[in-house]
Amino acid sequence: MKYPFELFKEEVKNFIRASLRELGCEGEVKIETPPAGKGDLSFACFPFSKLLKKPPEKIADEIASRFKESKWISKVVSENGYVNFFVNEKRLAQATIDIIKKLDESYGSLEKKHKKVIIEHTSANPTGPLHVGRARNPILGDTLVRIYRFAGYDVEVQFYVDDMGKQVAALAWGIKNIDPATLTPPSRDKPDHYFVRFYQKAYQLMQEKEEVNREISKIVKECEGGNEEILKMIEKAYMKVLDGIKQSLERLDIRFDRFVVESTFVKNGSVAKVVEALIKSGYARKENGAWYIDMKPFGIGDKRFYFVRSDGTTLYATRDIAYHLWKAERADMLINVLGEDHKLEAKQVEIALKILGAKVLPKVVFYSFITLPGGKMSTRKGRVVYLDDLIDEAMERAYEEVRKRRVDLSDERLKKIAEAVATGCVRYNIIRIQPEKDIVFKWEDALNFEGNSAPFIQYAHARACSILRKEKIEREEEIDATLLEHEQEIKLIKLLAGFPEVVNDACESNRPNLVANYLFDVASQFNQFYRDCPVLRAGDENLKRARLALVDCTRITLRNGLQLLGIKALEEM
RNA sequence: GGACCCGUAGCCUAGCCUGGAUAGGGCGACAGCCUCCUAAGCUGUAGAUCGCGGGUUCGAAUCCCGCCGGGUCCGCCA
């Protein structure tokens, strides 16, 4: 099934290809979007100027003059070396509104790819609560999950649990050896906040006392040896913290299909196989009993990638390779969401996977950490804003705002709305920005409820719902969309028609921020339509039905898009 | 020091991958709009050497090189 705008685009491409062939040349046909008012699609003739030995204006003229008539193209104009194509607006309006009404919740979704994708995200050390510095990871990851599913992929979401590092070992040691009475009270009644204190204290003691350091190191070593008893003890410790992390993410509607535990790959021998295979590959060198791969031939400067220590134990990256081989056997595509501090490790894993002939290599989406105006967040230094605190603060602010506006609603209803606004706001303000861009955390930005924000989009959706509550429109109702001729109606329809392409682009390029930008545009255009085109008081009954349908289609598109961002589409606010 | 990322109005940001027609938005500022479908909205004004300098090109915010500023990494840590 093809979407209307796609059909228009294909027709334009075919027309250009045929025209160029007649003019005597072939070439990549690159279609672009012209500035407002100059058409709906355009084609630049400059690159063909040399080939055809004609000025671009002439080529554009010749192509444009070849146009007679067609289904989707209403007009072709030559201007300054460009060929501008105008869509048949009435046809687009009718086709777009028909298809949105018909597909409803699946409008914008793409055809089934019959491909399995494993998306790994968050994978935070389960030693304490998530803080805002890392909050981009789950939000990016979960949004990608939603987009990939909508784009037709079969997605499994995984959280890789590190149960073998010094961090979890410190946590486990702390819980076992520290008297809770000596700790400051937890910042809130939640397991991750409760247990992080043991981790913090243990970490501090580890640096102060050599014996503590030795004990914790011993735990780590036992884990690497696959000591079941010690691993069980560690599991008991981190599981509670992980529960707390899950609770926080649940508030943002973020869930996982599977938690994959690192030690699994030590226990089942796959890490040993990785080591063996790497040694046999011919790329490995030995030094003082430790094994490494020289990364210079792979273009990574003068770096060594150690995968076995001199005592024979493996490293984090080594185990990560085993994990990735396991994933590669189970999926057609792998996506990882990682902080930019993992760039080198990701490169090491990738090189190893290539050496070992992995079927699938992961595509990694890196993001920059969110920092505080004074610098990096640090749990241990107490310079930190927890995700829970951010959500709570957003909730309070949102509650105040709703209460100010809606004296008519019950407190229960107000809280529901506030929650949707707050969590939407948190997700939106993070997802709307390109992952690689630095974000300096400021409360006023994070809790922005106006302009380019989640509530702005939710508000447009609520407005649409409000109109539709007053006058119903049935899915089956035949409407005459050709009556929609107002400039704002046309603008809105064209924008709605572009949704599937946005989904496709966001998915293919792993840029969820495209969806956020798009929804802001739709909401903004809808607000302008709302200003210019009365719906319930449209006068003409057929026009009213058509406008109602357009409102309904906007509602559907906004809702589907918000769904992709994990933001609740409110019916009133 | 080396590698990678970022640098667009007072602040935040889109566009950069795939070069193209006057660089879009938002916040904040200023001036307006609720007898009318929710003003979390709308309109208008002011505000940009697209970090700097070269190069490639008919054409550069976009590609290449150098520099400056900020971040990340450079461990037999995770």
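Just so it is clear, the values below take in all heavy atoms, side chains as well, and ignore hydrogens, waters and symmetry mates. Throughout, protein chains are lettered first and strands after them, A, B, ... in sequence-line order, and every chain is numbered starting at 1.
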Inset, instruction - Using a cut-off of strictly less than 4.0 Å, decide whether A/Lys437 has a side-chain nitrogen or oxygen near OP1 or OP2 of B/G7. - result: yes

Provide a list of protein-nucleic acid N or O atom pairs under 3.5 angstrom, restricted to nucleotides 66-69 of chain B.
none

Legend entry - Salt bridge present between A/Arg511 and A/Asp505 (N-O < 4.0 angstrom): no

Inset, instruction - Using a strict 4.0 Å threshold on nitrogen-to-oxygen distance, state whether A/Asp311 and A/Lys221 make a salt bridge. - result: yes

Inset, instruction - Check every strand shown and say whether A/Val168 touches a base, only sugar-phosphate, or nothing at a heavy-atom separation below 4.0 Å. - result: nothing

Inset, instruction - For A/Phe259, enumerate each residue passing the ring-ring contact (aromatic ring centres under 6.0 Å, His included) test, keeping only those at least two apart in sequence or located in another chain. - result: A/Phe159, A/Phe256

Inset, instruction - Using the C1' atom as the reference point in each nucleotide, state the distance between B/G25 and B/A14 in Å, no decimals. - result: 7 Å

Legend entry - A/Glu401 and A/Arg405 ion-paired at < 4.0 Å: yes

Inset, instruction - Could you please name the option among B/A40, B/A21, B/U43 that lies closest to any side-chain atom of A/Phe449? - result: B/A40

Legend entry - Nucleotide paired to B/G41 in any strand shown, Watson-Crick or G-U, under 3.5 Å: B/C33

Legend entry - Residues in contact with RNA chain B, drawn from residues 541-555 of chain A - heavy-atom cutoff 4.0 Å: none

Legend entry - Pair partner, B/G59 [Watson-Crick or wobble, under 3.5 Å]: none

Inset, instruction - Using only side-chain N and O atoms of A/Gln434, determine if any of them is under 4.0 Å from OP1 or OP2 of B/A14. - result: yes

Inset, instruction - Quick one: list whatever passes ring-ring contact (aromatic ring centres under 6.0 Å, His included) with A/Phe449, sequence neighbours left out. - result: none

Legend entry - Candidate nucleotides B/A40, B/A21, B/C6, ranked by approach to the side chain of A/Ser42 - the nearest: B/A21

Inset, instruction - Would you mind telling me which of B/C6, B/G41, B/C11 lies closest to the side-chain atoms of A/Glu436? - result: B/C6

Inset, instruction - Treat primed atoms plus P, OP1 and OP2 as sugar-phosphate and everything else as base, then score nucleotides 24-37 of chain B 5' to 3': B for base contact with protein heavy atoms under 4.0 Å, S for sugar-phosphate contact only, - for none. - result: -SSS--------SB

Inset, instruction - Tell which nucleotide pairs with B/A23, taking only Watson-Crick or G-U wobble pairs whose two distances are both under 3.5 angstrom. - result: none

Inset, instruction - Please determine, for B/G66, whether a Watson-Crick or G-U wobble partner exists with both distances under 3.5 Å, and give it or none. - result: B/C52

Inset, instruction - Could you check whether A/Pro56 gets within reach of a base, just the sugar-phosphate, or nothing at all, counting any heavy atom under 4.0 Å? - result: nothing

Inset, instruction - Remember a base hit wins even if backbone is also touched, and classify A/Glu572 as base, sugar-phosphate or nothing at under 4.0 Å, heavy atoms. - result: base

Legend entry - B/C58 phosphate, OP1 or OP2, under 4.0 Å from A/Lys50 side-chain N/O: yes

Legend entry - Under 4.0 Å protein heavy-atom contacts per nucleotide of nucleotides 71-78 of chain B, with B for base, S for backbone only and - for none: BSSS-BSB

Legend entry - Chi-angle category of B/C34 [syn within 90° of 0, anti beyond]: syn

Inset, instruction - Name the nucleic acid region contacted by A/Phe456, choosing base, sugar-phosphate or nothing; use a 4.0 angstrom heavy-atom cut-off, strictly under. - result: sugar-phosphate

Inset, instruction - Quick one: label A/Gln488 by what it contacts on the DNA or RNA (base, sugar-phosphate, nothing), any heavy atom closer than 4.0 Å. - result: nothing

Inset, instruction - Using Watson-Crick or G-U wobble geometry with both distances below 3.5 Å, tell me the partner of B/C76, or none. - result: none

Legend entry - Residue-phosphate contact under 4.0 Å: A/Arg397 side-chain N/O, B/A40 OP1/OP2: no

Inset, instruction - Could you tell me whether A/Leu514 contacts a base, only the sugar-phosphate backbone, or nothing, with contacts defined as non-hydrogen atoms closer than 4.0 Å? - result: sugar-phosphate

